[in-house]
Amino acid sequence: MRVLLLGGGGREHALALGLAGDPSVEQLIAAPGNPGIASVAELRAVDPCDPAAVAALAVETGVDLVVIGPEAPLVAGVADAVRAKGIPAFGPSAEAARLEGSKAFAKDVMTAAGVPTARAYTCTDAESAARALDEFGAPYVVKNDGLAAGKGVVVTNDRAAALRHAEECGRVVVEEYLAGPEVSLFVVTDGEAAVPLLPAQDFKRVGDGDTGPNTGGMGAYAPLPWAPAGLVDEVMRDVVHPTLAEMARRGTPFAGLLYVGLAITADGPRVIEFNARFGDPETQVVLALLETPLAGLLHAAATGTLAGHPPLRWRDGAAVTVVVAAEGYPAAPRSGDVITGAEVPGVIHAGTRRADDGALLSSGGRVLCATATGADLAAARDAAYALVAGVELAGSHHRTDIAAAAVEGRITIPG
Ligand code: AMP
C-alpha cells in the first residue's frame with residue numbers, strides 16, 4: 001500500500017512511525033512532514049490545508065490511502081477533495097468535522113443523541129453569558145465556539161475573567177464544571193462500525209501540579225491503571241454509537257478518528273469535548289502500544305470495511321510521553337534554537353526544522369516528545385525522562401510530573 005500522511009507535528013511523527021512499521025506499506029509520503037518524519041517518509045512541500053493541492057498530490061503519487069493528521073485540513077474539506085478523486089481518506093468530511101470545529105454544533109449533536117455531557121448554553125452577548133455563568137456558578141467554563149487549536153477554553157474561578165473571555169470570543173459555549181479525572185478515548189470508525197483504542201490521559205496545563213495556562217498538551221500516558229472496569233464499553237454504548245447514529249441520521253456520517261474527551265465524575269463519564277482527529281500527544285503513547293498494523297486499520301475505516309477488521313492487539317506494559325517545550329511556551333515560544341540529542345529512537349519531533357547546514361532547530365512551542373514504553377507505568381516513566389535528559393535545547397522546559405499521580409495511585413474518582 002502507498003500512503004500519504006498530512007501534517008508535520010508530533011502526532012504525525014507518531015503516525016508516520018506506525019504507518020512505516022506496517023509491513024503492507026511499501027511507500028510513505030508526508031506533506032509537509034518534519035525532520036523526524038523524514039527518517040521514515042518522503043517529504044513533499046504541499047500545503048496540507050489546500051484541498052485541491054492535496055488531491056492533486058494524492059493522484060500524482062498514486063496513493064491508496066490519505067491519512068489526515070491535524071484538524072485544519074479536515075475543516076477545510078481536504079478529506080472530501082481526496083475522496084472526490086476516488087482515493088480513500090482517513091478523516092471525516094468537512095461537515096462531520098464540525099463535531100470539533102464548532103463547540104455549539106457538538107453540544108447540539110450530543111443533546112439530540114442523549115449523550116451524557118455538561119449542561120451548557122451557547123451565548124452571543126455579554127448579558128446571556130453573564131446569566132449562564134451565574135446559573136452554573138464557579139468554577140466557570142467558557143469555550144470559544146470556533147477552532148482555537150485547543151486553546152480557546154477558559155476554566156477559572158474569576159467571574160470577570162470568564163466574562164472577558166466570552167466578550168472577546170463573541171460566540172461562546174458556557175457550561176457547568178465537570179469534576180473528576182480526565183480520559184482521552186480514541187475511536188476509529190467508518191461511520192458505523194467503531195473500534196476503541198486504549199484510553200489515555202494527557203496534561204493540559206503548562207506547569208507541574210496542573211498549574212499555569214492551558215497548552216496543546218505537555219505529556220501523556222496509557223493505559224490508565226485507575227480507570228473504572230467497563231469504562232470503554234460504557235463510553236462506546238452511551239457516547240460513541242449514539243453520536244455516530246445521530247451524525248448518520250443528519251446525512252453527515254462521521255468516519256475517521258473520533259476523539260472523546262471525558263471527565264470521570266461522581267455520576268459517571270461525561271463528555272468534555274469531541275475532536276475529529278487523533279489527539280496530540282496521546283497518539284504518541286497509544287500508538288507506541290498498538291501491535292496491530294496501523295495502515296490496515298485506517299484503510300479499513302476509510303473504505304467502510306471496519307466491521308471485518310480483526311480485533312486489535314496491544315503490547316503489554318505502558319507508555320509515557322513527556323513534551324519538551326520551547327522557552328516562552330505557551331505565551332510566546334522562542335524558535336530557531338539548536339537542538340542536540342534528539343535524533344534517537346523514542347524522541348518524536350513536534351516543532352523542529354532542519355537548517356541549511358543540517359543542524360536541527362526548534363520551530364514551534366512544543367518541540368519534542370520523549371516517548372518510551374516499559375513493563376509498567378513506572379518503568380515507562382523512568383525511560384521517558386531518561387530520554388528528556390539526553391536532549392539539549394536552550395531555555396526549554398518540561399513537566400516533571402507526567403504520569404506521577406497514576407504511578408503513585410493518587411488518582412481518585414469523586415463520589
Ligand atoms: P476542551 O478544549 O473542550 O478540551 O477544553 C480544554 C480543557 O479545559 C479540558 O481538557 C479540560 O481540562 C478543561 N475543561 C473543558 N470543559 C470543562 C468542563 N466542563 N469542566 C471541567 N473542565 C473542563
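Order of appearance sets the numbers: ligands from 1, and atoms from 1 within every ligand. Being a predicted model, the structure only gives us computed values, none of them experimental. Index from 1, following the sequence.
- For ligand 1, the polar-atom distance check against V153 finds no nitrogen or oxygen pair separated by under 3.5 Å.
- Atoms of ligand 1 found under 4.0 Å from any heavy atom of K103, numbered from 1 in the order shown, are 1 (P), 2 (O), 3 (O).
- Residue E175 has at least one heavy-atom neighbour below 4.0 Å for each of these atoms of ligand 1: 16 (N), 17 (C), 18 (C), 19 (N).
- Each of the following atoms of ligand 1 lies closer than 4.0 Å to a heavy atom of E176: 18 (C), 19 (N).
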**OP:** Step by step, work out the side chain to side chain contact (heavy atoms under 4.5 Å, CB included) result for V109 and T243.
**Re:** CA-CA 7 Å; V109 170; T243 300; 4.2 Å; yes
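- Residue L178 touches ligand 1 through backbone and side chain together, judged by heavy-atom distances below 4.0 Å.
- For an aromatic pair to be called close, the ring centres must be under 6.0 Å apart, and F274 with F254 fails this.
- Of the charged side-chain nitrogens involved, none lies within less than 4.0 Å of a carboxylate oxygen, so that E127 and R131 do not count as a salt-bridged pair.
- In summary, of the residues considered (K204, R399, R205), a salt bridge (Lys or Arg N to Asp or Glu O under 4.0 Å) with D210 occurs for R399 alone.
- The pair R119-E175 does not count as a salt bridge, with every side-chain nitrogen at least 4.0 angstrom from each carboxylate oxygen.
- Scanning all heavy atoms of the two residues, the minimum distance from P269 to I264 falls at CB-CD1, 4.1 Å.
- Near I272, the atoms of ligand 1 lying under 4.0 angstrom from a non-hydrogen atom of the residue are 3 (O), 15 (C), 16 (N).
- Taking each of R119, E100, K143 in turn, the one with a heavy atom nearest to atom 3 (O) of ligand 1 proves to be K143.
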